[in-house]
Each structure stands twice: as C-alpha cells, then as structure tokens.
Amino acid sequence: MGLAELVAYLGGTGPGPVEAVAEAFIDRTPPWLKDLAIDLFGTADKLALGIGITVVMGALAVAAGLSERAARGRGAAVLAVLAVIAAGATLTRPDGGVVATWPVLASAVAGALALMGLLAPARPVDPERAMADRKVLDRRRLLLGAGTVSGLAVVGGTVARFSGGARPVSAPPLDLPAPATPAPTLPAGADLDIQGLAPFRTPNETFYRIDTAFVVPRVDPEEWTLRVHGMVEQEVVLTLDDLLAEDLVESWVTLCCVSNQVGGDLIGNALWLGLPVRTVLERAGVREDADMVLSRSVDGFSASTPLQVLMDDRDALLAVGMNGSDLPPEHGYPVRVVVPGLYGYVSATKWLSELEVTRFEDQTAYWTERGWAPRGPVKISSRIDVPRAGRTRDAGEVIVAGVAWDQHVGIAAVEVRVDGGDWQPAELADEVTVDTWRQWVYRWDAAPGSHTLEVRATNHDGEVQTSEVQGTVPDGATGLHRIEVDVA
Ligand SMILES: Nc1nc2c(c(=O)[nH]1)N[C@H]1C(S)=C(S)[C@@H](COP(=O)(O)O)O[C@H]1N2
Ligand SMILES: [Mo]
C-alpha cells in the first residue's frame, strides 16, 4: 500500500489506493452512515476513515502473512484480492482510469514477491549446523526482512501523503477584482459581540467543511473552465479570466448543511464575491421546459438546484472570494456555487466544473441518489450558544444568546422559554440581509436550581419554528434547541 502510494504520487497517474478506496467507500455511504460519521467525528470524518483504512490494511497484512505460512501462495492470493479491489476503486474515480491502476497492480506483485521471499525456507549451508541454527536464522531473517519491507512501505506512503497526493498543483493567488456591487456596510449592531456567541462573520479557518472529497481536489486556475450546457440555446464556456473580468457582486450569505442537527454547528456566514449564476444562464439562453440546474464538480459530486431560484433576484453566485480572499482549497478553490436559502447539498458545489440545464424528471444529483430529497430549501432554525449546556451559573442575570436563520426569508423574532413556561421575546441584532443568520440575546433572571432553556424563531412571513422533532434525513432536521443549565 505504501509503495503504491509512493508510485502513484511520483508517477502522477491519478489517485493513490487509499484515496481511491476511501472515495469509492464514501460514494457507497448511505445517508444514515454519513450522518453517523458526522455525529461521531464531526469534520474529522475523513481522518477517521483514513485511520480506519490503515488499521484494516494492517490487519489484512497480518492475515496475508499467516495465510502464506499456512499454505504457499495463499497470502499472495489475499494481496491479489486487495489489489483487485483497489484497482477497481481507482478505475471508477473521475481522476482515475486504466493507467492509474498500474501503481497498485505493480505494488501488489512486489508485495506478493516480498511475502513469499520472506517465508521461503532458508537454504542450509552447513548441514551439521543447520538444525541448530535454522530457527534462529529464520526468525532473524524474517524480522529483518519484514521490518525492512514495512519500513519502506511506511516511508513511501508517508512521503506520498505529505507531498499532497497525486496532483502537486497548488492554489496560486487569484487577482480578485473589487466588487462592482459591494455588500451593504455592516450596521454596528449586526454583531452583539458576546463571548461564546458565534460571531456574525465566520472566519475561513473555522468555517465548517463538509464534502465527499477524501483528498481536497486541486484545480489549476489556468486550466479551469465552466461549461454551461444542456437545455440551452447555445453552450457557454467560461475561463477564470472571463469570470474575473465580469461585474462581480459581493454578498453576505449564511451557508448550512442538511446534516446539521438541531443546535449543531454545520453552519457559517461569510462575505462572498462572485458572478451571479443568472448572468451565465441568461447568456446561454435557458429553454422554457427546463426546471433544474445540475452543477458538477471536478470530483464527481453534483447538486440539483431549482432553476427558478438561480434566475430570481437573489445573489446566487459563482463565488471566487470568501471573506476578502480567494476560496480556500477546502471550500472550493477556484470557483464554487453559493445560493441563499438552500442547503449546501443541493446548491453549494465546490470545485465547480459544469452547469447542466435540465429537468428534475430527467436527472438526479449525488445525494438524491443516496436517499436525500431532490430539493432542499433551508428550514427555519435557531440555536443557543451561551450559556454552554451543563455549565453552572450564579443566580441573577444570565446572558442567554445565540443565532437564528431562515435564509432568504429572514428572521423577524426569536423567543426563549424557561422550564416550559411562557415564550419571552429575545432582543435581535440588526438585520444585515434576509440571507444571513441573526444573533439574538435574552437577559434571564435566573433563580437557583436546574433549568431547561429552549429557543424558537419566527420568520418575516410569520412562520414559527416547529417543535416537531424530525431527523436530518431526508431534507433537514426540525425541533427546538434545548439546553440544561444549573444555577447555584
Ligand atoms: N464538490 C463538492 N461540493 C460540495 C460538497 C461535496 O461533497 N463536494 N458538499 C456540499 C455540502 S453537503 C455542503 S453542506 C457544502 C459545504 O460547504 P463548505 O464545506 O464550504 O462549508 O458544500 C457542498 N458542496
Ligand atoms: Mo451538507
């Protein structure tokens, strides 16, 4: 495995076996397992998968060794099966293919030869001493040989990993233009500046990351193009220079994940810079019977976005900037989609490569094929950030604060209730746009004892957040965020 990683990296032929198997595995992950992984490991889910694969491979290597000892050729057969699985995974990756399988096939042959060599009976030189020395020699030779092979494998694999995988293209800085349409200046009261409360603007470094990419795709901005095709009058192909030469719009948009549990943190708010998707769709000329745009990324992910949402006047963007800088590689460099009002899985395609104008009837997207709803409008929700659940507070005034969101409708009110009592109005931070979350604060006169706090939001249409509990699958969780607080 280590050798194959190294050869794949040096050869630059495509993904290494760990990446290929991990991504093939991720593609076969049902919705419940995806959410279980996110709940257990959060955004470290990929690290957990990598460790899992390495541990399983270690166990299978032991199994191969024991099988080879039991019967000649049997261990090599175990390696052959593993090689076929890894080669199969490599074949089916968007960046894989036939040529990309040779590192794993060649390495499996090398591995099988090493295994058989290590376990070959030693040829005695001196028949007299042979009997006595045999065991000692064999063991020493085996340990030395196995140690050398494992050492080489670990070094090879590590070098390949830390050299950035099979594609050594970095993310050169883009020359982002100033926005033709700047975002509104932030009102002073947009951020209540309360310790422990999520800030209005989420820094790029702490912005949640959710995607199916085991290794962050590296896209060369010089080579990048966006192809707009399907049910259009004429295909449009855009280079990055084309895109950067357009009038760009700057917009505050809160992005959230359908896998976010009530009270969860798979949500963030950023200042995006980009070209309205509408502009390129209008240029291509969308046919009247189309109702969906399937956006695709370089790594095979796709999202189905209702056409009408991309054509109305909201800031649905082909984004190149995030909080004043280029998109970080993990967030879609060089270009991603951001659409206010939809969960990320049906809109926010990172490492964007195509927009296909089509119909919901005719095409399905990545997560739709895995049991999630084809359309994913964001559900109104709210969260308590402070006090932290389980913290003990002193009696008297306790600051209760959090965020509430219903992108593209906007939050009109937030209420808090204590121990199931009457709903009390919370104070709201200034509204920036209806596309962002809104902070809120409630000054609670806390009496000693153990208490339950709950929050609910109301949007500008008068819709009140439901208390009805629903899980994340298939179209987003509902229910009220509730925390327990002890007051001394
Ligand atoms: N290429 C690609 N884009 C993707 C995804 C993905 O798996 N691959 N995941 C989507 C999902 S489910 C979400 S919630 C958002 C998350 O964006 P972020 O990682 O920048 O927060 O990206 C979306 N775009
Ligand atoms: Mo998501």
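Just so we're clear, the structure is a prediction, and the values are computed from it rather than from any experiment.
Closest approach of Ala284 to Val228, counting heavy atoms only: CB-CG1, 3.9 Å. Between Arg393 and Val398, the closest heavy-atom pair is CB-CG2, 4.0 Å. Counting all heavy atoms, side chain and backbone alike, Thr368 lies closest to Ser304 at OG1-OG, 4.0 Å. The two residues Ile26 and Thr212 have their closest heavy-atom pair at CD1-O, 3.5 Å. Of all heavy-atom pairs spanning Trp440 and Val416, the tightest one is CZ3-CG2, 3.6 Å. For the pair Gly371 and Val473, the tightest heavy-atom approach, listed with the atom from each and the gap, is O-CG1, 4.2 Å.
When only modelled atom types and interatomic distance are considered, Tyr343 and Asp475 share no side-chain donor-acceptor pair under 3.5 Å. Counted by atom type alone, Thr364 and Glu369 present one or more donor-acceptor pairs between their side chains at under 3.5 Å. One side chain, Ser382 or Gln465, offers a donor N or O that lies under 3.5 Å from an acceptor on the other.
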Test log, rule side-chain contact (heavy atoms from CB on, under 4.5 Å), inputs Cys257 and Tyr345: CA-CA 7 Å; Cys257 182; Tyr345 84 104; over 6 Å; no
Test side-chain contact (heavy atoms from CB on, under 4.5 Å) applied to Asp326 and Leu176, step by step: CA-CA 8 Å; Asp326 300 343; Leu176 295 183; 3.4 Å; yes
Stepwise side-chain contact (heavy atoms from CB on, under 4.5 Å) check, Leu352 with Ser297: CA-CA 4 Å; Leu352 180 69; Ser297 75; 5.9 Å; no
Stepwise side-chain contact (heavy atoms from CB on, under 4.5 Å) test for Thr349 and Phe301: CA-CA 8 Å; Thr349 302; Phe301 173 87; 3.6 Å; yes
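Just one residue in the list Met292, Arg287, Glu288 forms a side chain to side chain contact (heavy atoms under 4.5 Å, CB included) with Met231, and that residue is Arg287. With Trp272 as reference, Leu327 is the one residue of Asn323, Leu327, Leu318, Asp435 to meet the side chain to side chain contact (heavy atoms under 4.5 Å, CB included) rule. Paired with Ile267 under the rule side chain to side chain contact (heavy atoms under 4.5 Å, CB included), one option of Val378, Thr254, Thr202 passes, and it is Thr254.
Between Leu82 and Leu60, some side-chain heavy-atom pair lies under the 4.5 Å cut-off. Counting heavy atoms from C-beta outward, Leu243 and Leu226 have side chains that stay 4.5 Å or more apart. Residues Glu415 and Thr458 are in side-chain contact: their nearest non-hydrogen atoms beyond the backbone lie under 4.5 Å apart. Residues Val98 and Leu91 are in side-chain contact: their nearest non-hydrogen atoms beyond the backbone lie under 4.5 Å apart. Side-chain contact check for Ser347 versus Val338: every heavy-atom pair is 4.5 Å or farther apart. In this structure, the side chains of Tyr333 and Val216 stay at 4.5 Å or more apart for every pair of heavy atoms. In this structure, Leu49 and Ile53 have side chains that are in contact, with non-hydrogen atoms separated by less than 4.5 Å. Between Val432 and Leu186 the shortest side-chain heavy-atom distance falls below 4.5 Å.
Surrounding CD of Glu222 are at most 12 heavy atoms belonging to other residues, nucleotides or ligands under 6.0 Å away. In the displayed structure, Asp247 atom CG is contacted under 6.0 Å by at most 12 heavy atoms of other residues, nucleotides or ligands. Atom CG of Asp461 has more than 12 neighbouring heavy atoms from other residues, nucleotides or ligands inside a 6.0 Å radius. A 6.0 Å sphere centred on CZ of Arg482 holds no more than 12 heavy atoms belonging to other residues, nucleotides or ligands. Annotation for Glu233: atom CD counts as buried by contact number, over 12 foreign heavy atoms lying within 6.0 Å. The number of heavy atoms from other shown groups lying within 6.0 Å of CZ (Phe25) does not exceed 12. Within a 6.0 Å sphere centred on CD of Glu468, other residues, nucleotides and ligands contribute 12 heavy atoms or fewer.
Here the CG-OG distance, from Leu36 to Ser259, works out to 11.5 Å after rounding to the nearest 0.5 Å. Taking CG from Asp242 and CG from Leu238, the interatomic distance works out to 5.0 Å, rounded to the nearest 0.5 Å. Taken to the nearest 0.5 Å, the CG atom of Leu197 stands 7.0 Å off from the CG atom of Asp191. The OG1 atom of Thr358 sits 7.0 Å away from atom CG of Leu294, with the distance rounded to the nearest 0.5 Å. With values rounded to the nearest 0.5 angstrom, Glu23 atom CD is found 10.0 Å from Thr92 atom OG1. Between the NE2 atom of His460 and the CD1 atom of Ile380 there is a distance of 10.0 Å, given to the nearest 0.5 Å.
Identified under the salt bridge (Lys or Arg N to Asp or Glu O under 4.0 Å) test for residues 328-347, with sequence neighbours left out: none. For residues 245-264, the pairs satisfying ring pair (Phe, Tyr, Trp, His ring centres under 6.0 Å) are Phe200-Trp252, with sequence neighbours left out. Listed by first and then second residue, the salt bridge (Lys or Arg N to Asp or Glu O under 4.0 Å) pairs that reach into residues 32-41 come to none, sequence neighbours excluded.
Distance alone, capped at 3.5 Å, places no donor-acceptor pair between the Arg201 side chain and the Leu271 backbone. Distance alone, capped at 3.5 Å, is enough to place a donor-acceptor pair between the Thr305 side chain and the Val346 backbone. Side chain of Trp367 to main chain of Pro31: no donor-acceptor pair is present (N/O by atom type, distance under 3.5 Å, no hydrogens or angles). Not a single donor-acceptor pair under 3.5 Å links the side chain of Arg456 to the backbone N or O of Thr466. Between the Glu354 side chain and the His229 main chain, no donor and acceptor come within less than 3.5 Å of each other. At least one donor-acceptor pair under 3.5 Å links the side chain of Ser353 to the backbone N or O of Arg296. Between the side chain of Asn260 and the backbone N or O of Leu266 there is at least one donor-acceptor pair closer than 3.5 Å. The backbone N or O of Pro329 sits less than 3.5 Å from a side-chain atom of Trp351, completing a donor-acceptor pair. Using modelled atom types, no side-chain atom of Asn269 and backbone atom of Trp437 make a donor-acceptor pair closer than 3.5 Å. Side-chain atoms of Ser107 come within 3.5 Å of backbone atoms of Ala4 as a donor-acceptor pair (strictly under, hydrogens ignored).
Ion pair Asp385/Arg383 flagged as a salt bridge, since at least one NZ, NE, NH1 or NH2 atom sits closer than 4.0 Å to an Asp/Glu carboxylate oxygen. By the 4.0 Å N-to-carboxylate-O rule, Lys46 lies close enough to Asp211 to be salt-bridged with it. Under a 4.0 Å N-O distance rule, the pair Asp27/Arg93 qualifies as a salt bridge.
A cation-pi geometry, defined here as NZ or CZ lying under 6.0 Å from the six-membered ring centre and within 45° of its normal, holds between Arg370 and Tyr366.
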